[in-house]
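Note sheet for the following structure.
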Amino acid sequence: MPELPDVEAFRATVQRHFIDRPVSRVVVSDPKCLEGVTALTAQRRLKGRGIQSTGRHGKYLFLDFGDNIVLVMHFGPAGSLHRVADAQEQPDYVRFQLDFSNGESLAYVNRRRIGHIRLVAGAAAFIEKARLGPDAMNPDFKFPGFAHRVSDRGQPIKVFLTDQSNLAGIGNTWSDEILFQALIHPAVRASSLGAARARQLFDEMRRVLKIAIDLDPSTADFEARLPSDFLLPHRHPGGHCPGCGTALDRVVLSGHSSTYCPNRQKPT
DNA sequence: TTAAGTGTTGCTCT
DNA sequence: AAGAGCAACACTTA
């Protein structure tokens, strides 16, 4: 379930292995994964070009081919991006693939058909059109801006964190972890948090996401390498709080289920 | 066997 | 207009 840390890992892979290499072939194995562009157009515009730079905003990945050609990828709940060095080891559910002249490929995998690929002229215009808030890890997005948005919203704080128009990059999984670390109940109204708890939430958001990025969610045993006080490995039916052992509870807010510790995260 | 759960975006409804 | 709820998707678990 790719959220900010996962997409950041995809971006790093592209940055490390695929910069400035000509695309030798564009394979659209599922045309439905393309939005607003036909397979033929995508092939014509990308073939022979190389990725000049990579970018990410929230859960969106941008591959900039220069000349106002930017490939935008979104992964939905079940998508991923893989470097395929050996054609024999093709993953399942590849819906779009870029083959490069050195024999390697970049495979866009999506088990379900939620999430898609677009071609746009520029990342900034796309971000504005999609009404995305600031990226949760953008260094220019500081506490005052966060606090202002929090005080402005009557949504439950859980819904606030996952609403991409407030801030971009956090989904159901990491919002649960962030609220758990900040000791805040998911149903608390954003506007009723107060400055001190908003500060706590902001700091934990940054700390948790940084840990996730540094541990690299695309590598093996990611969950097992998380700090021992993290909620994530226990976020399943029958799970218990890693801090106090209390049976975890869940609440559904705006159709999204949240897992939390009823002992440490009080609704106040 | 059927039904519910999973998570994201974007639409409709109030 | 803000917030809630559902559809789309495909696969897993009860």
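Lettering of chains follows the sequences in order, A, B, ..., and the numbering in each one begins at 1.
With sequence neighbours excluded, the residues satisfying side chain to side chain contact (heavy atoms under 4.5 Å, CB included) with A:Ser254 are A:Val159, A:His256. Applying the salt bridge (charged side-chain N to carboxylate O under 4.0 Å, His left out) test to A:Glu35 and every residue at least two apart in sequence or in another chain returns A:Arg118. Listed by chain and residue number, nothing satisfies the salt bridge (charged side-chain N to carboxylate O under 4.0 Å, His left out) test with A:Arg111 (two or more places apart in sequence, or in another chain). A:Arg49 meets the salt bridge (charged side-chain N to carboxylate O under 4.0 Å, His left out) test with A:Asp67; sequence neighbours excluded. In this structure A:Arg264 satisfies the salt bridge (charged side-chain N to carboxylate O under 4.0 Å, His left out) test with no other residue, sequence neighbours excluded. Scanning for side chain to side chain contact (heavy atoms under 4.5 Å, CB included) contacts around A:Arg83 gives A:Thr13, A:His17, A:Phe18, A:Glu104, with sequence neighbours left out. For A:Ser101, the side chain to side chain contact (heavy atoms under 4.5 Å, CB included) partners are A:Pro22, not counting sequence neighbours. For the side chain to side chain contact (heavy atoms under 4.5 Å, CB included) test, residues two or more places apart in sequence or in another chain that qualify with A:Asn68 are A:Ala121.
Of the residues in residues 148-161 of chain A, those placing a heavy atom less than 4.0 Å from an atom of DNA chain C are A:Arg153, A:Gly154, A:Gln155, A:Pro156, in numerical order.
Proximity of A:Arg235 to the phosphate of B:dG7: a side-chain N or O atom is located under 4.0 Å from OP1 or OP2.
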Could you run down the sub-3.5 Å N/O contacts of the protein with nucleotides 11-14 of chain C?
residue : atom : partner  : partner atom : Å
C:dC11  : OP1  : A:Tyr93  : OH           : 2.8
C:dC11  : O5'  : A:Tyr93  : OH           : 3.4
C:dC11  : O4'  : A:Arg111 : NH1          : 3.1

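Checked by atom type and distance alone, the side chain of A:Ser24 pairs as donor or acceptor with a backbone atom of A:Asp99 at under 3.5 Å. Here the side chain of A:Gln52 pairs no donor or acceptor atom with the backbone of A:Gly66 at under 3.5 angstrom.
Rounded to whole angstrom, the span from the CG atom of A:Leu232 across to the P atom of B:dG7 amounts to 10 Å. Atom CG of A:Leu253 and atom C1' of B:dT8 are 16 Å apart (whole Å). Summarising the geometry, the separation between CG on A:Asn166 and C1' on C:dG3 is reported as 11 Å, rounded to the nearest angstrom. We find that NE2 of A:His236 is positioned 13 Å from P of B:dG7, with the value rounded to whole Å. A:Trp174 has its CH2 atom 13 Å from the P atom of B:dG7, to the nearest Å.
Looking at A:Thr54 and A:Arg11, their side chains do bring a donor and an acceptor atom within 3.5 Å of each other.
A tilted orientation is assigned to the rings of A:Phe143 and A:Phe146, their planes being inclined by 30° to 60°.
Rounded to 10°, the angle separating the first-five-pair axis and the last-five-pair axis of the helix from B:dT2-C:dA14 to B:dT14-C:dA2 equals 60°.
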Protein proximity profile, nucleotides 9-14 of chain B - base contact B, sugar-phosphate-only contact S, no contact -, cut-off 4.0 Å on heavy atoms: SS----
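Mapping A:Arg113 and A:Gly255 onto DNA chain C by nearest heavy atom places A:Gly255 closer to the 5' end of the strand.
No engagement by A:Arg131 is indicated, since no non-hydrogen atom pair under 4.0 Å with the nucleic acid exists.
Under the 4.5 Å side-chain criterion, counting only non-hydrogen atoms from C-beta, A:Tyr108 is in contact with A:Ile117.
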